[in-house]
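Working notes, beginning with the structure itself.
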Amino acid sequence: MLEIHELFAKVEGKQILNGLSLSIKPGEVHAIMGPNGSGKSTLGNVLTGRSGYEVISGDAKFNGKNLFDLEVEERARDGLFLAFQYPVEIPGVSNMEFLKASVDARRKHLGLPDLSSFDFMKLARESSQKVSLDPAFLKRGVNEGFSGGEKKRNEIMQMMLLEPSLCILDETDSGLDIDALQVVAAGVNAMRSPARSFIVVTHYQRLLDYIVPDYVHVLSHGKIVRTGDKELAKELEAKGYGWLEEEGV
Amino acid sequence: MSDAIVNRRQSLPAVMNPFQQHALVLAGQQVLSDGQSAILQTLRQQCAENFKRATWPGRKVEHWKYTSVQALKAYESAGWATPANLPEGFCSERLMTLNATRLVFVDGALDLAASDSMPAGISLFSEANALATQLISSHLGKIAGSVDLSRRNLFAALNSAWTADGLLIHVAQNVILEKPIYLVYINTGSKAVANQRNLVVMEQGANAQLIEHFLSTSAEAPDSGFVNTLTEIHIGQNAQLHHTRLNLEHESAAHVGAVHVNLMRDAVFNGFTVAEGSKLKRLDYQLNHCGQGASLNFDGVYLARHDQLVDYHTCIEHRVPHCTSQQAFRGIVGDKAKAVFNGRIHIFQDAQKTLAEMNNRNLLTSDTAEINTKPELEIYADDVKCAHGATISQLDDTALYYLQSRGICPSQARMMLSFGFINELLSGLPVEDVKLWLENWLRNRFSENRSLVSDIKPRVNAGADL
């Protein structure tokens, strides 16, 4: 699914990723944890191709294609999805119109026929109910005036509609209350399948009680310093990140 | 002091340019029907005189600094437009389908075939009954004339000098008009001149919706007509008016237009306007708070491409205390086009407790496009809240990235963001069908017309607000 090899990257001249390697097979869920500034969010932005995030060396193969040769929208159409840590508000553009445009683009790329407006509306309403978002939100501007939790649920809804093969959740749990967290986790769990993989970037072990990962990686100073199973997350929660650095790993 | 200077300048025997001279000849060609009130005759003469003495627009005239009236040279020997027949199916294809009272003017003259019959309260000046004549006498020219002499627009004077007939809309006390009034002005593309004059009188407690829609038949003539329009509106105590004005003529047309509104005590004016640029497009809104507790909300949108020009001058006068005004204008300008937004708020010394806000945001989509935005606040009262903001920017690159990360290609993403930038202001429109029509119009505009959006280059770290 995804092979990242010795990835070095910088943001605004500052080197953030220092030789990160990661291999993800279909169906796996990988959690990435780490202290602030360790490069967690940078990884997601580099993989999706945000401008300003510059790859120095290393490569990333996504389903055999070199990710860094593709434009942002091409990566998305190929099935890469990033749930934003801070979803963007776009007043004046309705959520429905935005969702339709993105689903149309993905379907066209996959060679699927366009959905009629009616079918799409039906699909969008169903998805919004799955994430407990009032369908009235579909008519509002993209994320306009949404609460933090509503924005995150909107991200999960987009993920459901686009059916990506690799989903990166960038601190989707940050700032969520327990109800919203459960909704988000249920949405993710419903989408787990042998053909779909997840990278769950998080600060808190709590999320991993709901989305149980196959692997937990600890990111520090731009590289993975330790890999374990879900027990590692609990250890981190109890001890903090300091002990890893003291151990000099 | 400034009055003295202006008056002295006005009294100098200025040499009139050929257009000015010809404009007065055109006024002389008009024949007034017998029924017209004497007041109109007096107004015509007086305003012809004002027009003769007015300083002709140029770079040194503050309110014409950015806008050239060169386009009028083409009309130095033009005649009055002779109303043409509308092409087959024009009204059904190009006009909004509204449940409204529709009146269609073609090249300045009422087209009976395309219009609904006039309900009570609406009549041409030339067909005025006793009540209408009285209303015309007491209001015509008075609303535009209530502005300080030094600030009067010479084209408003010209409009009065040219007014041989006009439309009166009278909404009587406590009457709520169920149907909106939909006024359509069509220019058929002859190189000729037309004049349009309206007077709206809303009495105490009246409530109405008025839509003014300007458009052209698809004439490709290099100069498809000069139109001078003036709408005077009196909103009586506690009365409310929704006013929408769409200036969507062909780009080869020249249009100078003005809307003057006097708001009486507790009156409400909700205005919305859209303009596309053309050879000359200058729109003046003069909104005067004349009675305490009046409030107005006024939003506008302008789009310009090619080598078009669009110029909005708005002036809100707070003459009395406890009034509010909120104004938001947005524009997108591309190619070699030029836009001007000059927003003036004048708070008189007595106008304490005024609340006034003005906001102007612009998207510039090419290196050769030009935007001149100028807020002008003149505040003489000391207990007021007044805010203004103006920005010129490009599209927000974070939003662009967000759309792209969902598989949307950059050109479509830019189109969506530009549409959204404008569409945000449409939400306040009261007539649902007008809103839908405009949304659709905008969508077509942005998809057919790449030049408005395709040159937008995202700038790293460029905020939407400066």
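Letters go in sequence order (proteins before strands), and every chain restarts at 1.
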**OP:** Just do the side chain to side chain contact (heavy atoms under 4.5 Å, CB included) check on B:Arg406 and A:Leu162 with the steps written out, would you?
**Re:** CA-CA 8 Å; B:Arg406 298 299 181 252; A:Leu162 291 170; 3.9 Å; yes

Subject >> A:Glu97/B:Arg443 under side chain to side chain contact (heavy atoms under 4.5 Å, CB included): CA gap, chis, key distance, verdict >> reply: CA-CA 12 Å; A:Glu97 186 181 353; B:Arg443 233 178 265 280; 2.8 Å; yes

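The contact between A:Asn143 and chain B is made entirely by side chain atoms (from C-beta outward), counting heavy-atom distances below 4.5 Å. For A:Val103, no part lies under 4.5 angstrom from a heavy atom of chain B. Residue A:Arg106: no heavy atom, backbone or side chain, is found under 4.5 Å from chain B.
When side chains are defined from C-beta on, A:Glu74 does not count as touching B:Cys409, because their heavy atoms never get closer than 4.5 Å. The shortest side-chain heavy-atom distance between A:Val72 and B:Ser405 falls under the 4.5 Å cut-off. A 4.5 Å side-chain heavy-atom check between A:Ile90 and B:Asp396 finds every atom pair outside the cut-off.
Scanning both residues, A:Val93 and B:Gly420, for their nearest heavy atoms gives CG2-CA, 3.8 Å. The two residues A:Ala101 and B:Ile408 come nearest to each other via the heavy atoms CB-CD1, 3.8 Å. Nearest heavy atom pair, residue A:Gly92 against residue B:Phe419, reads O-CE2, 4.1 Å. The minimum heavy-atom distance linking A:Ala105 with B:Gly407 is given by the pair CB-O, 3.1 Å. Annotation for B:Met416 and A:Phe98: closest pair CE-CA, 3.8 Å, computed over non-hydrogen atoms.
Between chain B and the options A:Glu144, A:Glu71, A:Glu73, heavy-atom pairs under 4.5 Å are most frequent for A:Glu73.
Taking a 6.0 Å sphere around NZ of B:Lys435, one finds it holds more than 12 heavy atoms contributed by other residues, nucleotides or ligands. In the displayed structure, A:His203 atom NE2 is contacted under 6.0 Å by more than 12 heavy atoms of other residues, nucleotides or ligands. Annotation for B:Glu178: atom CD does not count as buried by contact number, only 12 or fewer foreign heavy atoms lying within 6.0 Å.
Two rings, from A:Phe84 and B:Tyr401, have their centers less than 6.0 Å apart.
Atom CZ in A:Arg50 sits 7.0 Å away from atom CG in B:Asp397 (nearest 0.5 Å).
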